[in-house]
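See below for the structure under consideration.
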Amino acid sequence: MSDRSRFTDSTTSSETQKHKKKKSTSSVSYRRAQNASYKPVSTKRKRRHTEEEYQEPSRKRKTKKKKGCLGSILLPLVLLILIVFCLALIFMRSAFQKVEKYNLDMSQISVNDQDKNIDHYQTIALFGVDNQDNKIQDTGSRTDCIIVASINKSSKKVKLMSIYRDTYVSINGQYDKINAAYSYGGPELAISTINRNLDLNITDFATVNFKALADAVDILGGIELTIKSEKELKNLNDYIGNMNKINGGNSPKFDETGTFTFDGNQAVAYSRIRYMEGGDHERANHQRLVVEGIVKQAKRKPWKLKELVDQVVPQCKTSFSTGDMTKLSLGLLRYKIEDSQAYPFKSVDEKYGGIYYGFPLTACSNAIEAHEYLFGTTDYEPTEELQKISGKIEAVTDDLGY
């Protein structure tokens with residue numbers, strides 16, 4: 001290459017560099033310059049990133065402060081709830097210690113537990129004694145109300161089964177109305193009679209008097225019940241007058257049929273009506289409606305539990321320990337009465353030996369239906385003892401023409 005050419009190239013190169021420098025002020029060159037010079041841009045981003053990193057802990061600190069603030073509110077609240085809960089437990093345990101405890105003589109109680117499903121349920125006998133002076137005696141008082149409560153241990157669903165007080169049963173081999181068992185031999189004989197005639201495994205009971213039932217209704221502000229007929233209305237008003245004498249008070253009588261809020265004496269009178277359509281069957285139905293009404297109101301007004309325990313429990317007699325009663329009371333909101341029925345499911349009311357009885361048709365078939373209702377057992381086989389009892393009752397109903 002000639003010197004001229006080298007000179008020209010050199011000059012051109014120098015001019016080109018100058019030209020590029022001049023062009024660096026244009027927008028196109030600026031973008032290129034920016035692309036070519038990454039560090040300055042990176043540095044700025046880095047600084048912004050650093051500022052963000054610097055600000056991040058501050059935000060974290062603020063979040064922590066919020067959590068700390070929330071925790072400072074929740075902690076005392078949780079502690080308060082725990083304190084109230086513990087105080088409620090202490091109070092209930094203290095109140096339950098006032099209840100009259102009854103130590104069952106288990107050697108006097110017959111228990112049948114061959115039903116495969118029966119262990120999944122807690123089965124309790126509830127007795128309401130017909131005593132004009134409101135005293136709960138171990139013997140001498142007939143049971144105006146008999147209810148078997150079946151509680152599913154898993155679902156907490158409850159089924160109630162009334163037993164008609166005139167039901168013809170075996171009481172240790174002697175045949176009489178089932179309501180006489182309590183009078184003859186106290187809770188042991190009453191429970192054993194239920195177990196033997198229905199193949200059940202009851203080992204716990206609770207007995208209440210008229211005053212306890214009335215007080216429970218009054219504390220809860222009354223329960224809603226329906227008067228369905230003029231005959232029922234007349235009998236109800238007669239019993240209201242009787243309850244005012246037994247319990248004290250001046251509960252008013254009703255002027256007409258319909259649905260009303262019943263106070264304590266009115267509700268107990270409603271559960272005692274006998275001389276009406278359906279007889280003992282309708283009476284047992286009334287008793288279940290009163291129990292359901294009390295449970296429903298108690299669930300609606302749990303703040304009344306303290307007053308209920310304080311006033312009603314001391315008027316009861318039970319085989320439950322203080323711990324068992326506390327556990328049952330705390331579980332009240334979880335319990336749901338799923339259904340209520342009456343035993344015998346199929347029966348006939350007839351006079352025998354000058355006395356009216358309710359005869360199961362038959363004892364075995366009714367017991368099978370009871371096990372299906374209470375425990376969901378569809379293939380129950382009655383015990384040999386129950387089959388013998390059923391046979392003797394069938395002999396009577398055969399003589400009566402059934």
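In this text, all values refer to a predicted model and were calculated from it rather than measured experimentally.
Ring geometry, His286 versus Tyr270: the interplanar angle falls under 30°, so the pair is classed parallel (tilted spans 30 to 60°). Using cut-offs of 30° and 60° for the angle between ring planes, the Phe345 and Tyr373 rings count as perpendicular. Between Phe260 and Phe254, the ring planes are tilted. Angles from 30° to 60° get that label.
With contacts defined as side-chain heavy-atom distances shorter than 4.5 Å, the pair Ile178/Ile194 qualifies. The shortest side-chain heavy-atom distance between Asn366 and Ser347 does not fall under the 4.5 Å cut-off. With contacts defined as side-chain heavy-atom distances shorter than 4.5 Å, the pair Lys116/Phe375 does not qualify. Counting heavy atoms from C-beta outward, Tyr335 and Val295 have side chains that stay 4.5 Å or more apart. Phe262 is listed as a side-chain neighbour of Ile227, based on a closest heavy-atom distance under 4.5 Å.
Using modelled atom types, one finds no donor on one side chain facing an acceptor on the other under 3.5 Å when comparing Asn112 with Thr383. Under 3.5 Å, the side chains of Thr207 and Tyr182 contain a donor-acceptor pair of N or O atoms. Between the side chains of Thr123 and Ser150, not a single donor N or O lies within less than 3.5 Å of an accepting N or O. There is a side-chain donor-acceptor pair under 3.5 Å between Tyr380 and Asp199. There is a side-chain donor-acceptor pair under 3.5 Å between Asp204 and Ser319. Between the side chains of Asp176 and Gln174, no donor-acceptor pair is found at a separation under 3.5 Å.
In this structure, the side chain of His371 does not engage the main chain of Leu200 through any donor-acceptor pair within 3.5 Å. Side-chain atoms of Asn242 never come within 3.5 Å of backbone atoms of Asp238 as a donor-acceptor pair (strictly under, hydrogens ignored). Side-chain atoms of Lys304 do not come within 3.5 Å of backbone N or O of Leu220 as any donor-acceptor pair. At distances below 3.5 Å, at least one donor-acceptor pair connects side-chain atoms of Lys153 with backbone N or O atoms of Asp119. Listed for the Asn195 side chain is no donor-acceptor partner under 3.5 Å among the backbone atoms of Val111. A donor-acceptor pair under 3.5 Å is formed between the side chain of Thr193 and the backbone N or O of Leu189. Side-chain N or O atoms of Ser183 include none that pairs as donor or acceptor with a backbone N or O of Ala180 at under 3.5 Å. One N or O on the side chain of Asp218 and one on the backbone of Gly264 form a donor-acceptor pair closer than 3.5 Å. No donor-acceptor distance shorter than 3.5 angstrom exists from the side chain of Glu372 to the backbone of Ile368, with no hydrogens or angles considered. Side chain of Asn265 to main chain of Gly248: a donor-acceptor pair is present (N/O by atom type, distance under 3.5 Å, no hydrogens or angles).
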Exercise. Start with the C-alpha distance between Lys388 and Glu384, add both sets of side-chain angles, then the distance that settles side chain to side chain contact (heavy atoms under 4.5 Å, CB included), and finish with yes or no.
Key: CA-CA 6 Å; Lys388 290 179 180 178; Glu384 184 178 342; 3.8 Å; yes
Practice problem: Kindly determine whether Glu292 and Ser340 satisfy side-chain hydrogen bond (donor to acceptor under 3.5 Å, both in side chains), including the steps that lead there. | Solution: CA-CA 9 Å; Glu292 288 177 15; Ser340 62; 2.8 Å; yes
Practice problem: For Tyr175 and Tyr357, run side chain to side chain contact (heavy atoms under 4.5 Å, CB included): C-alpha distance rounded to whole Å, both residues' side-chain angles, the deciding distance at 0.1 Å, then the answer. | Solution: CA-CA 11 Å; Tyr175 288 79; Tyr357 296 98; over 6 Å; no
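Distance NZ/Lys101 to NZ/Lys317: 12.5 Å, rounded to 0.5 Å. Between Ile163 atom CD1 and Tyr343 atom OH the span is 7.5 Å, to the nearest 0.5 Å. Here the CZ-CD distance, from Arg165 to Gln287, works out to 8.5 Å after rounding to the nearest 0.5 Å. Taking CG from Asp166 and CD1 from Ile355, the interatomic distance works out to 10.0 Å, rounded to the nearest 0.5 Å. Distance CD1/Ile240 to CG/Asn235: 11.0 Å, rounded to 0.5 Å. Rounding to the nearest 0.5 angstrom, the gap separating the CD atom in Glu256 from the CD atom in Glu230 is 9.0 Å.
Across all non-hydrogen atoms, the minimal contact from Leu160 to Arg288 is O-CD, 4.3 Å. Closest heavy-atom contact between Asp105 and Glu188: N-OE2, 3.1 Å. The heavy-atom pair separating Leu126 from Ala149 by the smallest distance is CD1-CB, 4.4 Å. The nearest pair of heavy atoms linking Ile171 to Ala181 is CD1-N, 3.9 Å. Residue Val312 comes nearest to Cys316 through the heavy atom pair O-SG, 3.5 Å, listed as atom of the first residue, atom of the second, then distance. Ile147 and Ser162 get closest at one heavy-atom pair: CG1-OG, 4.0 Å.
When the shell of 6.0 Å around CD of Glu381 is examined, it contains 12 or fewer heavy atoms from other residues, nucleotides or ligands.
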